[in-house]
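Here's the structure we're looking at; comments come further down.
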Amino acid sequence: MAEGDSLVRVARKLEPAMLGREIAAASALNPRSSLRQHAGRLEGRQVERIETRGKHLLIHLDGGLSLHSHLGMNGGWRVDTGRGFGKPDRSAWLLLELAGDKKDDAKAGDPGGASPGGKRTGSRVAQFGGTTLRLVRTVELARDSRLASLGPDILAPDFDLEAAVSRLRTSPDQVGVALLDQKIICGIGNIFKSEACFEAKVDPWKPAASLATGPGEEGEAERLLETARHQMLAAVETGKRPGRIYKKTGRPCSRCRAARVRSRGQGVDNRTTYWCQNCQS
Ligand SMILES: [Zn+2]
């Protein structure tokens, strides 16, 4: 599931295959792809920068164009490591073939290096599924309502905890709903919502406005957001998520052992929240 941590991992996976390279060929064979008629516009362009904003991925190209991608619950970007994508090419929303970069070309020229013609140094990447994939002028991204409305990114290097805490406490919703509201803070999804509340011993059902703030132990809101950030940064590095409470309904709480994990849909979107009534209050 695409939460902020998995998007950063996607960006890191794509970077070596795309950055500084020219798009030699682009196709969008899936009839549902919004780029079906426009993929050709990508050819000949160089990939300049790959950026994540919460759950959004932006691939910036030269000539002032950007690809804006959102993977939703089930989408994914794949890199062909030599054995295809594990899915038919024709089902891709977008498939990009990238030319080898200069460094690799130099290597390919070495005796005993890559295959003749340096073919092995090129790369292929593709997006399958997702909720958004569009090609826009980079300047238009600033006017995109979904991007413009995003709150501070929980994974941003310059994440401002104090500012995020005050935003969180202005929410009229319960904690478990407010954490998913990308307009308040972006990047947190359903897994880290429950895992962070559990780790920080915060009741996900209390109003976000009632979270205590302050230095040290008394700062419930600070602890909650620091925990979420810490858990997600760790997941970026390891690819593993905490897994202490999410989908553990009915099992004894791994911390207090005095109660069983409960789960219930929360908010208008009815997203399942997992919590321990004994130690999260
Ligand atoms: Zn417990």
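Start at 1 and go down the list; that is how both ligands and their atoms are numbered. Just so you know, residue 1 is the first one in the sequence shown, and it goes up from there.
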- Derivation of the side-chain hydrogen bond (donor to acceptor under 3.5 Å, both in side chains) call for E199 and T227: CA-CA 7 Å; E199 193 65 41; T227 300; over 6 Å; no
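- Identified under the ring-ring contact (aromatic ring centres under 6.0 Å, His included) test for residues 255-281, with sequence neighbours left out: W205-W275, Y246-Y274.
- Clustering of Ile, Leu, Val, Met, Phe, Trp and Tyr by side-chain heavy atoms under 4.5 Å joins L141 with L58, V136, L147, L150.
- Under a 3.5 Å cut-off, the side chain of S33 and the backbone N or O of N30 do not form any donor-acceptor pair.
- Taking CD1 of I59 as the start and OG1 of T52 as the end, the distance is 11.5 Å to the nearest 0.5 Å.
- The Zn ion (ligand 1) has C253 SG, C256 SG, C276 SG, C279 SG as protein N, O or S atoms under 2.8 Å away.
- With side-chain heavy atoms closer than 4.5 Å counting as contact, directly or through intermediates, the hydrophobic cluster containing L179 also holds V8, I154, L155, F159, L161, V165, L168, V175, I184, I185, I188, F192, V202, L211, L224, L225, M232, L233, V236.
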